[in-house]
Amino acid sequence: MYYDLYNYWMVIILMMIGLYIVIKPSNLIKKLIGLNIFQTSVFIFYISVGKVSEGTAPIFSSTHSVYSNPLPHVLILTAIVVGIATMALALALVVRIKSAYGTVEDDELQEQDH
Amino acid sequence: MVVTALAIVRVSDLFAAVMLSGIYGLLSASFFVALDAVDVAFTEAAVGAGIFPLLMMLVLGVTGRYEKTKLVPIKADVVKKLALVLALLVTGALLVFGTLDMPIFGAADAPAQQHVNIRYIQQSPTEIGIPNMVTSVLASYRGYDTFGEVLVIFTAAMGVLALFSSQLFSQVTASKNKAKNEMHEHNVLRIVSKMLIPFILLFAFYVQFHGEYGPGGGFQAGVIFAAGIILYTMLYGLDKARQVIKPTVLRVLCALGVFIYGTTGVVSMLAGGNFLDYSVLANDPVIGQHLGILVIELGVGITIAAGMILIFFAFSQQAETQLGEQ
């Protein structure tokens, strides 16, 4: 039965890898890539929750009667687009940091501030 | 996917990391197809494997390609790293422990499949009258949420513009021809994409207006349309692209989409219903729903496409300016 939870575990592994990239490297761009991995793991989690075995994509048809849950799909599809928009905002901030400080390394930024 | 994610941890060449994250996006898109989430897969393929790496690469052009690594690892660093890995392992283990109580993957009687879901699946084909349940939940049942999300995207686009405001609309002559010349030799690329771009844009419209019957809708169409224009910008340079679509027009369009969405809500209020209740828009509630969904999906599509293109223009302008200075 534990095999059935395999999907969720993969999500957790991805999430931890994402968190590691957010915390460890001092490069801000790398951190954002990590944030993206973290985000995608949450997406996968939601979609996994919505999956129904033997179900099909939630588009009504006369030949199918079991569908996967459309609600997580809606939430995630909007979240992806919102995610890229906010990511763009973060990247814009990074570019401004670069032009103001001349670096995007976190530790060097700290040094300059003190 | 796990392998790709681990590879991203290892590489210090940020360009490679960005490429890997593109692969990661494509992998997750195919994963979503396997889990029946076709609409989501659409969006993820266009965003995760298309727009995200492109934006990243533009930023890399400004900030530099390599991550700085210390040649000699300091002992304190190793300890810190170990502590971090340990903390993550503990967190991960706790989360795994939490999943043990979760319903089995794909179980039809899981709590998540009860409640509103049953109504969405059983009623929406007759109540809203369109086969794609994702679209009817997105545009009708949860119209408020979607309105909020469109607003967030609009605000984010405006935020990016505000951050770059001083440079965006000033003409930079020094770097003007740089991007254009770089791409000039790649004739194969130019001609193949010249043939592809009309189809990409046409496909975006198809996705936009077919979203009620098949997978698709405003969100997907918006990003696909933006991807088409971005491809054009990359090949012909920012100046040419700005002649095709003026940034001023884009800014107006970006706001217009939100306006269309909001107005639909107000119109339905004036017609005697609730905010964003489309049933009152026509004599027959089902036809009203059709009309409402079509109009707000159009609003969503316009805002997303215009917002994404604006963001991209702002970034590539920034990249060109910085390259010109160096």
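In what follows, chains carry the letters A, B, and so on, assigned in the order in which the sequence lines appear, proteins first and then strands, with residues in each chain numbered from 1.
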Just how far is it from atom [atom1] of [X] to atom [atom2] of [Y], taken to the nearest 0.5 Å?
X	Y	atom1	atom2	answer
Ile84(A)	Leu55(B)	CD1	CG	5.0 Å
Met57(B)	Ile29(A)	CE	CD1	12.0 Å
Leu91(A)	Leu163(B)	CG	CG	11.0 Å
Ile17(A)	Leu88(B)	CD1	CG	10.0 Å
Leu27(B)	Thr40(A)	CG	OG1	11.0 Å
Ser48(A)	Phe32(B)	OG	CZ	8.0 Å

Between [X] and chain B, with a heavy-atom cut-off of 4.5 Å, which part of the residue counts as in contact: side chain, backbone, both or neither?
X	result
Phe45(A)	side chain
Ile12(A)	side chain
Met16(A)	both
Leu93(A)	both

Got a list of side-chain donor-acceptor pairs under 3.5 Å for residues 42-53 of chain B, not counting sequence neighbours?
from     : atom 1 : to       : atom 2 : distance (Å)
Thr43(B) : OG1    : Asp39(B) : O      : 2.8
Glu44(B) : OE2    : Ser28(B) : OG     : 3.2

Tell me, for [X] versus chain A, whether the close heavy atoms (under 4.5 Å) come from the side chain, the backbone, both or neither.
X	result
Val300(B)	neither
Ala226(B)	neither
Val160(B)	both
Leu95(B)	both

Which heavy-atom pair separates Ala17(B) from Ile33(A) by the least distance, and what is that distance?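 Closest pair (atom of Ala17(B), atom of Ile33(A), distance): CB-CD1, 3.9 Å.
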
Looking only at heavy atoms, what is the nearest atom pair of Ala88(A) and Ile311(B), with distance?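 Closest approach of Ala88(A) to Ile311(B): CB-CG2, 3.4 Å.
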
Does any part of the side chain of [Y], heavy atoms only, come nearer than 4.5 Å to the side chain of [X], both counted from C-beta?
X	Y	result
Val59(B)	Lys98(A)	no
Met308(B)	Val81(A)	yes
Leu14(A)	Tyr24(B)	yes

Is there a side-chain contact (heavy atoms from CB on, under 4.5 Å) between Val40(B) and Ile47(A) once you walk through the steps? CA-CA 9 Å; Val40(B) 184; Ile47(A) 300 295; 3.8 Å; yes

CA sep, side-chain torsions, deciding dist, call: Phe219(B), Ile80(A), side-chain contact (heavy atoms from CB on, under 4.5 Å): CA-CA 9 Å; Phe219(B) 280 92; Ile80(A) 291 176; over 6 Å; no

Residues two or more places apart in sequence or in another chain: which of them pass ring-ring contact (aromatic ring centres under 6.0 Å, His included) with Phe154(B)? none

side-chain contact (heavy atoms from CB on, under 4.5 Å) for Asn36(A) and Met56(B)? Distances and angles first, verdict last. CA-CA 11 Å; Asn36(A) 185 48; Met56(B) 279 292 187; over 6 Å; no

For Val85(B) and Tyr20(A), run side-chain contact (heavy atoms from CB on, under 4.5 Å): C-alpha distance rounded to whole Å, both residues' side-chain angles, the deciding distance at 0.1 Å, then the answer. CA-CA 8 Å; Val85(B) 170; Tyr20(A) 176 82; 4.0 Å; yes

Name the option with the most non-hydrogen atom pairs under 4.5 Å to chain B; the candidates are Val11(A), Leu89(A), Ile37(A). Ile37(A)

Looking at Ile23(A), Ile76(A), Val94(A), which one has more heavy-atom pairs under 4.5 Å with chain B than the rest? Ile23(A)

